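Below is one structure; the comments refer to it alone.
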Amino acid sequence: MAKIPKKTYYYKDALTADFAATNDLKPALVNDKYNYFKDDSIIFKVFAFIIYYIVAKPACWLINKICFSVKIKNKKIFKQRGKKGCFIYSNHTNYLPDALLNSTMHSGKNYVIVGPQTVNIIGIRNLVAALGAIPLGSTIKAKKNFMKVIEKRLNQNASITIYPEAHIWPFYTGIRKFIPGSMAYPCQFDVPSFTVTICYQKRKIGSIPKIVAICDGPFYPDQNLPKKERQEKLRDDLYNAMVKATSEYSNYEYYKYVQVAEDEEIPDQISQVKTKQ
């Protein structure tokens, strides 16, 4: 990490700081009218199959190889996911790689739990849904439908990706703390979880880091523990695996992140980003 980072990001609270370029999207709701079961329609099912398996999945592999020189280690562990699907937990450090990578982990379909604003972009709502986006519900009925579609995807032996850090920190080489509540789904449905940890290394040519993705698991919830302790233990298992992966494989700091005290002024560089307070 001897090379001087290209940009420095300053933050106060690691849980709320968000450096995503998509922060300007207007807040959105997923209400009772949102159709979580679009693939009940034969037309949409065919459309989604073509978009995902014939267009997106091969393109994902190609883009990751050309743009980010992606290497995946220990991918074979996904053969242990069983017949009821699984969850994939990843660190949230980029735009395109994060969106593409987990679709290449196994032969089935990978879905992604997203914020409501993701499926409210006019003109691409159906496309986003076909690619596997599952938005969080904003009403009681929508939340019930959200849980029903999660169960349906697991029964289809699909994987479902969760970004427990919630916010994007581009090219960040560490792992930020995430709450035990992000483990609620695998604990409720009693299915395995895997980690896919994005690590950054220096390329021989060019300054943009190459990606090494480290796969770990499966991790199972301890059903002998009470709900809260069960989620905490699973969180600790996944978090420790991701920290271990970054400590061993991330060795190139493309951007630098600096925490400042709550009563300090954010330096001028903050004009490059937006931070949620």
Side-chain angles (χ1 to χ4, degrees), residues 36-39 45 48-49 51-61 63-64 70-115 118-119 127-136 145-166 178 181-199 211-221 231 234-235 237-239 241-242 245:
Y36 280 95
F37 306 97
K38 294 177 184 288
D39 62 348
K45 185 177 291 187
F49 181 90
I51 290 296
Y52 188 85
Y53 288 100
I54 298 178
V55 179
K57 201 159 185 173
C60 289
W61 182 88
I63 291 170
N64 277 331
V70 170
K71 289 186 178 180
I72 302 174
K73 291 184 177 290
N74 206 25
K75 182 178 176 180
K76 62 184 179 182
I77 63 171
F78 283 97
K79 293 180 180 179
Q80 304 175 44
R81 72 184 190 277
K83 297 182 179 181
K84 199 182 174 183
C86 66
F87 287 91
I88 298 176
Y89 286 81
S90 292
N91 49 330
H92 212 5
T93 63
N94 223 309
Y95 303 97
L96 200 58
D98 285 1
L100 302 180
L101 186 62
N102 290 340
S103 68
T104 65
M105 289 296 163
H106 56 82
S107 59
K109 189 163 183 176
N110 177 72
Y111 294 84
V112 183
I113 294 178
V114 300
T118 307
V119 295
L127 177 61
V128 170
L131 290 171
I134 304 178
L136 292 164
N145 286 334
F146 170 83
M147 295 304 291
K148 287 179 181 178
V149 80
I150 291 293
E151 185 174 19
K152 179 179 180 179
R153 300 312 177 204
L154 292 173
N155 288 333
Q156 293 172 337
N157 198 22
S159 61
I160 301 173
T161 292
I162 295 175
Y163 298 105
E165 296 172 329
F178 42 88
S182 59
M183 305 292 122
Y185 308 122
C187 287
Q188 177 173 339
F189 294 106
D190 196 19
V191 295
S193 297
F194 296 83
T195 58
V196 176
T197 309
I198 307 299
C199 302
I211 289 175
V212 179
I214 311 301
C215 306
D216 285 297
F219 301 94
Y220 290 89
Q231 292 181 6
L234 186 59
R235 185 274 311 274
D237 291 343
L238 271 63
Y239 177 79
M242 296 171 79

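These numbers were taken from a predicted model, which means no experiment stands behind them. Below, each value reflects all heavy atoms present in this structure, side chains not excepted, and no hydrogens, waters or symmetry copies.
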Rounded distance [0.5 Å steps], [atom1] in [X] versus [atom2] in [Y]:
{"X": "Ser193", "Y": "Leu238", "atom1": "OG", "atom2": "CG", "answer": "5.5 Å"}
{"X": "Met242", "Y": "Thr197", "atom1": "CE", "atom2": "OG1", "answer": "4.5 Å"}
{"X": "Phe146", "Y": "Ile134", "atom1": "CZ", "atom2": "CD1", "answer": "6.5 Å"}
{"X": "Ile113", "Y": "Ile162", "atom1": "CD1", "atom2": "CD1", "answer": "4.0 Å"}
{"X": "Ile63", "Y": "Thr104", "atom1": "CD1", "atom2": "OG1", "answer": "11.5 Å"}
{"X": "Phe87", "Y": "Met183", "atom1": "CZ", "atom2": "CE", "answer": "10.0 Å"}

Non-hydrogen atoms of [X] and [Y] that approach each other most closely:
{"X": "Asn157", "Y": "Gly85", "answer": "OD1-N, 3.2 Å"}
{"X": "Phe194", "Y": "Pro192", "answer": "CE1-CB, 4.3 Å"}
{"X": "Lys109", "Y": "Ala48", "answer": "NZ-CB, 4.2 Å"}
{"X": "Ile77", "Y": "Gly217", "answer": "CD1-N, 3.6 Å"}
{"X": "Lys75", "Y": "Met105", "answer": "CE-O, 3.3 Å"}
{"X": "Ala241", "Y": "Thr195", "answer": "CB-OG1, 4.2 Å"}

Please determine whether side-chain contact (heavy atoms from CB on, under 4.5 Å) holds for the pair Asn64 and Ile211, giving the CA-CA distance in whole Å, both sets of side-chain angles, and the decisive distance to 0.1 Å. CA-CA 9 Å; Asn64 277 331; Ile211 289 175; 5.7 Å; no
Just do the side-chain contact (heavy atoms from CB on, under 4.5 Å) check on Asn145 and Val149 with the steps written out, would you? CA-CA 6 Å; Asn145 286 334; Val149 80; over 6 Å; no
Between [X] (side chain only) and [Y] (backbone N and O only), is there a donor and an acceptor less than 3.5 Å apart?
{"X": "Lys57", "Y": "Ser107", "result": "yes"}
{"X": "Arg235", "Y": "Phe178", "result": "yes"}
{"X": "Asn74", "Y": "Asp216", "result": "no"}
{"X": "Tyr163", "Y": "Val112", "result": "no"}

Side chain to side chain, [X] and [Y], heavy atoms closer than 4.5 Å:
{"X": "Ser103", "Y": "Tyr52", "result": "yes"}
{"X": "Val114", "Y": "Pro135", "result": "yes"}
{"X": "Met147", "Y": "Phe189", "result": "yes"}
{"X": "Pro186", "Y": "Tyr220", "result": "no"}
{"X": "Tyr111", "Y": "Gln156", "result": "yes"}

Report the C-alpha separation of Tyr185 and Tyr89 in whole Å, then their side-chain angles, then the decisive distance to 0.1 Å, and conclude whether the ring-ring contact (aromatic ring centres under 6.0 Å, His included) test is met. CA-CA 12 Å; Tyr185 308 122; Tyr89 286 81; 8.7 Å; no
Just jot down the side chain to side chain donor-acceptor pair (under 3.5 Å) partners of Asn110, sequence neighbours excluded, or say none. Ser159, Thr161
Taking the inter-plane angle between the rings of His106 and Phe78 on a 0 to 90° scale, is it parallel (under 30°), tilted (30 to 60°) or perpendicular (over 60°)? tilted
Mind checking side chain to side chain contact (heavy atoms under 4.5 Å, CB included) for Ala56 and listing every partner two or more places apart, or none if nothing turns up? Leu131
Determine, stepwise, if the pair Ser90 / Leu101 fulfils side-chain contact (heavy atoms from CB on, under 4.5 Å). CA-CA 10 Å; Ser90 292; Leu101 186 62; over 6 Å; no
Full working for side-chain contact (heavy atoms from CB on, under 4.5 Å) between Asn94 and Ile198: CA-CA 9 Å; Asn94 223 309; Ile198 307 299; over 6 Å; no
Salt-bridge criterion met for Asp39 and Lys152 (N-O under 4.0 Å): yes
Is the count of non-hydrogen atoms from other residues, nucleotides or ligands lying under 6.0 Å from Lys73 atom NZ greater than 12? no
